[in-house]
Amino acid sequence: MEYALDRFAREAHEAIAGTGQVPDELIELVVPKPNIPADLAFPAFRAAKELGVAAPQLAQRIASSVRRAAGTLVGDVTAIGPFVNVGVDTVLLADTVLGEIERLGERYGSDEQGNGQTTVIDYSSPNVAKRMHAGHIRTTIIGQSLVNILRFLGYPVIGDNHLGDWGKQFGVILAAVQRYGEPQGEGEELLAGFEEIYTRYNSAMKDDPALDEEARAWSLRLEQGDPQARAIWQRAVDLTLRVNQRMYDRLGVAIDHTYGESFYEPMLAGVIEEALAKGVAYRDEGGAVVVDELEPNLPTFLLQRSDGGTLYMTRDVATIKFRIATFRPARIIYVLGIPQELHLRQLFALCRALGYVEGVDLVHVKFGTIFDQDGQPLSTRRGNMVYLESLLNEAHARARAVVEQASPELPDDEKDAIAEAVGVGAVIYNDLYQDPRRDIRLDWNRMLALEGNSAPYIQYMHARCRSIIRKAADEGYTADGGEASFLTHPSETAMIRQLAKLPVAVREAGERYAPFVVAEWCYDMARALSGFYRDCSVLKAETPALRAARLRLVAATARALRNGLALLGIRAPERM
RNA sequence: GCGGGCGUAGCUCAGUGGAUAGAGCAGCGGUCUUCUAAACCGUUGGCCGGGCGUUCGAGUCGCCCCGCCCGCGCCA
């Protein structure tokens, strides 16, 4: 889709090429830094060198011979030193952008580049029989935002929650249930019970190899369909899904499939056989299936345990094979932590060696680890674990306190709804506002910040727009006759420029698998609005025509902010 | 040892070869009789870890160091 800024870039390029001063292939436009008074720039260095002239001279020649074709978005063209600076025609831009937003509404910023190329995204994937904690929040939130963004870009996206419900890990739970009895209770509390016996057994296992054997044996019984093992397993799976769903609902997360690792059990033997038959793997003296020397610097790994049990790797290979056969994707994305990088490199290499992934892009979207205040890893044993539910509850409570103070007149249920949107939004935003590769040190005040570069700030600016629109309607004002040409104040044109950038930001976020690009756009949009709010009154505009134009601008801003926040999975309340 | 990531203001972070490196938080000083002060304005704060190179131009690319984090066969 060609949005206003795409058109502007094309027309600016054409205008420069039209001077005949520089060959088309040497024209490369860049977006200048904010302190430069231009919307696009052509650094003339390379072209000047190629043409054997001084760069400032070439820039000057281009600027003085450029012709502005009527009806284009190209405004002033000036040379500053070796740069040709191109300004946008702000009036035409305003008219174009407002028109786009009014026409496209909640689709403003979307695109069609996906073109039928299916993308499978593996995200969230918590373990069964455990509560979700701070460690799960990143894959869940980043994953859902990528789903939203890629869908918006027109890719058919299939999300899959690859539940950790199999393998030795669950063998430990089964063995623990045998030893300590199955925990009783309901919901979160019951899950905590499972967790408790799991950690107890796990630490006992450390100095008793017999317990380790037992857990492994139970994982085998589960794989082989032992009815007792399957019954406990089923209860644990159902319970976990039920409890997790509450978290997903609060976070605006909806995952298309929840196959889980167990789903692939019937396919595992075939995968192992195939790897052996193709000579990609071999069985060693101990009986384990080994994959060796697939690629330089790729460490050896196992596809089957020596006792016949399968591994994470086995199930992941089967998962890829299944996904490709079932969904015919052009791409599979894993939203997984950096510590899993080696595993995925091995997995991808193995799938390539097996010939499973012709024409399929395998992508690891990686993120750093969460540590506590002191830089220690979060763990149940350390007692520093932060559970997702209590995190969200705390966020809600803090936001609720602010609503209570700021808007005591609102009805109770609306206060609650606002507190939920704002509190949860703050948590989500905290994970999406930066490049995910960095490790995060847990800091409640930063995580639950309600001011500055935060979701609540953006939500607040949106609510202010909505408030203006409500008040205008009360007074009988409408946007009718609101010509974009009245919007000439610097704060207004700054807003329009920012509005125009949403489609660009969405595309970049998709290309880089980087929701923070959208988050950044939202924040910059909110700041642009606050400048406008300070400088330009809507209801008290000098003329009815100006008021109507500003009403259009404010409505468009609310719409665009809402779209941006939606891509992050953050709600935009009408009032705060 | 091998592999990967990170290093930009006191703290948390943007900056994907171009012009004078930008935000938020914290600090200091101001602004509510005004379309919501979850806001706004002003201000303090930088050998961009270090070195060498490539380039007309390097926070950005390459190489070498330094520091921190992570991973490296029967867990996931």
Side-chain angles (χ1 to χ4, degrees), chain A residues 30 32-36 38 41 43 45-46 48-49 55 80-83 85 125 127 164 166-172 202 215-216 219 261 284 286-292 297-307 309-313 315-316 337-343 345-346 366 368-369 371 375 377 399 402-403 405-407 422 426 430 433-435 437-441 443 445-446 449-461 463-465 467-472 508 511-512 516-517 520 523-524 527 530-531 533-534 536-541 550 554 575-576:
Chain A
V30 300
K33 289 183 175 156
N35 55 338
I36 308 296
F45 304 100
R46 197 172 303 117
K49 198 180 178 191
I80 298 181
F83 293 90
N85 286 340
S125 310
N127 290 328
W166 212 242
K168 187 184 163 195
Q169 175 227 192
F170 206 85
V172 172
N202 225 355
R216 201 170 306 187
S219 79
E261 293 183 45
D284 73 7
V289 175
V290 182
V291 182
D292 216 349
N297 267 329
L298 192 71
T300 304
F301 58 97
L302 297 183
L303 198 53
Q304 189 178 27
R305 303 196 311 235
S306 48
D307 68 355
T310 57
L311 295 156
Y312 185 42
M313 181 65 74
R315 297 185 284 277
D316 266 0
I338 288 172
Q340 312 245 40
E341 173 157 37
L342 176 59
H343 168 74
R345 270 178 52 215
Q346 292 170 326
K366 31 186 162 263
T369 311
F371 297 97
V402 178
V403 183
Q405 203 191 347
S407 307
V422 168
N430 182 255
Y433 86 104
Q434 66 179 73
D435 191 302
R437 275 186 302 244
R438 291 170 184 269
D439 291 341
I440 287 184
R441 200 176 272 224
D443 175 343
N445 286 330
R446 183 167 12 104
L450 303 176
E451 52 195 36
N453 187 357
S454 67
Y457 174 79
I458 299 164
Q459 290 169 316
Y460 182 60
M461 288 302 153
R464 280 183 149 180
C465 290
S467 166
I468 290 172
I469 292 164
R470 270 196 311 273
K471 286 222 154 87
E508 189 188 336
E511 275 154 27
R512 294 173 60 184
F516 78 87
V517 175
E520 212 164 45
Y523 179 61
D524 289 340
R527 279 166 50 91
S530 101
Y533 193 88
R534 179 189 65 230
C536 308
S537 176
V538 177
L539 299 182
K540 293 183 181 146
R550 284 180 176 168
V554 167
R575 301 189 276 196
M576 283 174 67

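Side chains included, hydrogens not; waters and symmetry mates left out as well; all remaining heavy atoms used. Chain letters run A, B, ... following the sequence lines, proteins first, then strands; residues in each count from 1.
When the ring-ring contact (aromatic ring centres under 6.0 Å, His included) test is applied to A/Y312, the partners found at least two apart in sequence or on another chain are A/H343. With sequence neighbours excluded, no residue forms a ring-ring contact (aromatic ring centres under 6.0 Å, His included) with A/Y460. Residues satisfying the side-chain hydrogen bond (donor to acceptor under 3.5 Å, both in side chains) test with A/T310, not counting sequence neighbours, are A/E223, A/R315.
A/R441 comes within 4.0 angstrom of nothing in the nucleic acid, heavy atoms only. Looking at heavy-atom distances under 4.0 Å, A/A449 makes no contact with the nucleic acid at all. Within 4.0 Å of A/D435, counting heavy atoms only, lie sugar-phosphate atoms of the nucleic acid but no base atom. If you check every strand for non-hydrogen atoms under 4.0 Å, A/P32 touches a base. Note on A/F516: only backbone sugar-phosphate atoms sit closer than 4.0 angstrom, heavy atoms only; bases stay farther off. A/A463 comes within 4.0 angstrom of a nucleotide base, judged by non-hydrogen atoms across all strands. The residue A/V403 sits close to a base: some heavy atom pair falls under 4.0 Å. Within the nucleic acid shown, A/V422 comes within 4.0 Å of at least one base atom, counting heavy atoms only. Note on A/V30: nothing from the nucleic acid sits closer than 4.0 angstrom, heavy atoms only. Using a 4.0 Å heavy-atom criterion, one finds that A/R345 contacts the sugar-phosphate atoms exclusively. Note on A/R550: nothing from the nucleic acid sits closer than 4.0 angstrom, heavy atoms only.
A/R534 has no side-chain polar atom (N or O) that falls below the 4.0 Å cut-off from OP1 or OP2 of B/C40. Side-chain N/O atoms of A/S530 include none lying less than 4.0 angstrom from OP1 or OP2 on B/A39. Here A/Y457 does not reach the OP1 or OP2 of B/U36: none of its side-chain N or O atoms lies under 4.0 Å away. Listed pair A/R46 / B/C56 fails the phosphate criterion, with no side-chain N or O lying under 4.0 Å from OP1 or OP2. The side chain of A/Y460 contributes an N or O atom lying less than 4.0 Å from OP1 or OP2 of B/A38. For B/C74, the OP1/OP2 oxygens have no side-chain nitrogen or oxygen of A/R216 closer than 4.0 Å.
Atom name P, nucleotides B/G10 and B/G45: the rounded distance is 11 Å, in whole Å. B/C52 and B/G71 have their C1' atoms separated by 31 Å, with the value rounded to a whole Å. The gap from the P atom of B/G42 to that of B/C13 amounts to 27 Å, rounded to the nearest Å.
Comparing A/A288 and A/N85 by the nucleotide of RNA chain B that holds the closest heavy atom to each, the one mapping nearer the 5' end is A/N85. Comparing A/A38 and A/K49 along RNA chain B, the residue whose closest nucleotide (by nearest heavy atom) sits nearer the 5' end is A/A38.
Between the A/D439 side chain and the A/T369 main chain, a donor and an acceptor come within less than 3.5 Å of each other.
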Footprint string (nucleotides 64-72 of chain B, 5' to 3'): B base within contact, S backbone only, - free, heavy atoms under 4.0 Å:
-----SSSS
Sequence-aligned protein contact record of nucleotides 22-28 of chain B, with B where the base is within under 4.0 Å of a protein heavy atom and S where only the sugar-phosphate is:
SSSSS--
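In secondary-structure terms, RNA chain B builds stems of at least 3 consecutive Watson-Crick or G-U pairs, each pair having both distances under 3.5 Å, at B:1-7 with B:66-72, B:10-13 with B:22-25, B:27-31 with B:39-43, B:49-53 with B:61-65.
One distance of note links CE of A/M313 with CD of A/Q346; it measures 5.0 Å at 0.5 Å rounding. With values rounded to the nearest 0.5 angstrom, A/E520 atom CD is found 8.5 Å from A/E508 atom CD. To the nearest 0.5 angstrom, A/L311 atom CG is 10.5 Å from A/K168 atom NZ. Between the CZ atom of A/R438 and the CD1 atom of A/I338 there is a distance of 11.0 Å, given to the nearest 0.5 Å. Note: A/S537 OG to A/R550 CZ = 7.0 Å, rounded to the nearest 0.5 Å. To the nearest 0.5 Å, the span separating CZ on A/R345 from CZ on A/F301 amounts to 11.0 Å.
Base orientation at B/C61 is anti, since its O4'-C1' glycosidic dihedral falls outside 90° of 0.
Atom C1' of nucleotide B/G73 and atom NZ of A/K168 are separated by 13 Å, given to the nearest angstrom. A/R438 places its CZ atom 12 Å from the P atom of B/C11, with the value rounded to the nearest Å. At whole-Å resolution of the value, CG in A/L303 and P in B/C74 are 14 Å apart. Rounding to whole angstrom units, CZ of residue A/F45 and C1' of B/G18 are separated by 6 Å. Counting to the nearest Å, the P atom of B/G15 and the CD1 atom of A/I36 are 19 Å from each other. Distance A/Y433 OH to B/U12 P: 9 Å, rounded to the nearest Å. When the P atom of B/A37 is taken as reference, atom CG of A/L450 falls 17 Å away, rounded to whole Å. Atom CE of A/M576 is separated from atom P of B/A39 by 9 Å (rounded to the nearest Å).
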Test log, rule side chain to side chain contact (heavy atoms under 4.5 Å, CB included), inputs A/R575 and A/S407
CA-CA 9 Å; A/R575 301 189 276 196; A/S407 307; over 6 Å; no
Please step through side chain to side chain contact (heavy atoms under 4.5 Å, CB included) for the pair A/V403 and A/V422, ending with a clear verdict.
CA-CA 10 Å; A/V403 183; A/V422 168; 5.8 Å; no
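Taking 3.5 Å as the limit, the base of B/C74 and the side chain of A/S306 contain a donor-acceptor pair of atoms between them.
No more than 12 heavy atoms of other residues, nucleotides or ligands sit less than 6.0 Å from atom CZ of A/R46.
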